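Notes follow once the structure below has been shown.
Each ligand, and each atom within it, is numbered from 1 in the order the structure gives. Just so you know, residue 1 is the first one in the sequence shown, and it goes up from there. No experiment lies behind these values; they were computed from the predicted model shown.
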Amino acid sequence: MLEIDLDAIAANWRLLRDRHGPDRATAGVLKADGYGLGAVAVAKRLHAEGCRHFFTAHLMEAVEIRPLLPDSMLCVLHGLGPGEEETFILHDIAPALGTLGEIEAWAAAARARGRRLPALLHIDTGMNRTGLSPVELERLTARAELLAPLDILFVMTHLVAADTPGAPMNAIQAEVFAAAAARFPGTRRSFANSSGIFLGPRFASDLARPGAALYGVNPTPGDANPMAPVARLRARIMQLRDVPAGEGVGYDHQWISPRPSRIATLPVGYADGYHRVLGDRAEVGLGGQLCPVVGRVSMDLITIDVTDCPAAAIGDWCEVIGPAVPVERLATLAGTNAYEVLTSLGRRFHRRYLGA
Ligand SMILES: *Cc1c(COP(=O)(O)O)cnc(C)c1O
């Protein structure tokens, strides 16, 4: 059972908003189905809290949540794809334009309809991934009339290493962005992601775009997590067995019982986003204790050693992710980040939204 605490998401959004500055806007990033936790439920709740700016990655993600977000800006970070103009216009969605080609196509759509169309202008300040390159920005400046039929709501950029406060790229990007944004006088700016909000006043802007921190991921790795925990994944013990010393458990008998052991089987596996590499590495919480995951992670099952938890019984709830086993810990053990753990969580769990 995946429990998602919408009250905690709302509290996290308010904390980020206050930290960014109460007279500045703070958006909600809902890409990848709200970082795996459910974009629809999160969109509704953030809107009720007063959030009025939202981002998804894909157009179809935005179309799904558009009806839940009246009087709000909804922006697609991937920008305008070929032939998508009609869908953007129909649903009043703003693309984050990141190439001259997109700008030309969106401006042509505006002229053809005789109306102004909303957009964000995405400027690449060092990521070398999306957004206008310095060369394209130069070309755009020479053809400023291209933007005439568009309402540029924000110029935006994205930080390369915001979660590493000492990274030299942060200051470089702040400088490059300030210079680039100055080419669009009077246009509002959008800069920080979750971690960027904690980097200091240089990274504040008219609109911050936090994602991960809303969902409880620590935006200040190395320091205590200021965010409230949001997701709790629990599973019941399906089976219990006594395994004599010297016998193997699970595929390939990767784990051999070093002593007479009590093994519990839980219905969670790598198909649910419990990464296979976590076998023989992670733990699961049970009755205030941590029980090691032993043997290989199967597609739909894990086995845990409950020898030192003599009260363990079939039907007992174990905590796979939660206060006892933070997402960050699983991420470290799996050699990834908390974002990937959350967005990998499978769709098979029964989901319960608290505070809905
Ligand atoms: C994902 C993303 C965000 C949110 O980043 P977090 O680190 O999750 O806060 C903001 N802006 C852009 C362009 C993104 O792709």
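Of the protein's heavy atoms, Asn193 CB, 3.4 Å lies nearest to atom 5 (O) of ligand 1. Given atom 8 (O) of ligand 1, the protein heavy atom at minimum distance is Tyr35 OH, 2.5 Å. Considering only non-hydrogen protein atoms, atom 10 (C) of ligand 1 sits nearest to Arg209 O, 3.4 Å. Scanning the protein heavy atoms around atom 7 (O) of ligand 1, the nearest turns out to be Tyr339 OH, 2.6 Å. The protein non-hydrogen atom at the shortest distance from atom 1 (C) of ligand 1 is Lys31 NZ, 1.4 Å. Of all protein heavy atoms, the one closest to atom 9 (O) of ligand 1 is Ser194 OG, 2.5 Å.
Of the listed residues (Asp308, Thr307, Asp242), just one forms a side chain to side chain donor-acceptor pair (under 3.5 Å) with Arg262, and that residue is Asp242. Under the side chain to side chain contact (heavy atoms under 4.5 Å, CB included) test applied with Pro95, the options Leu80, Leu77, Leu117 reduce to a single match, Leu80.
Set against the non-hydrogen atoms of Gly211, the atoms of ligand 1 under 4.0 Å away are 4 (C), 6 (P), 8 (O), 9 (O). In summary, the atoms of ligand 1 found under 4.0 Å from a heavy atom of Ala212, numbered by their order in the structure, are 6 (P), 8 (O), 9 (O).
Side-chain contact between Ile89 and Arg115 is present, with heavy atoms from C-beta onward closer than 4.5 Å.
Distances from ligand 1 to the non-hydrogen atoms of Pro210 include at least one value under 4.0 Å.
Put simply, CG on Leu146 and OG1 on Thr141 are 11.0 Å apart, with the number rounded to the nearest 0.5 Å.
At a heavy-atom cutoff of 4.0 Å, ligand 1 is contacted by the side chain of His158 but not by its backbone.
Other residues, nucleotides and ligands contribute only 12 or fewer heavy atoms inside 6.0 Å of the CD atom of Glu175. Atom CD of Glu64 sits in a sparse spot, with 12 or fewer heavy atoms from other residues, nucleotides or ligands closer than 6.0 Å.
Side-chain atoms of Asp124 come within 3.5 Å of backbone N or O of Asn128 as a donor-acceptor pair.
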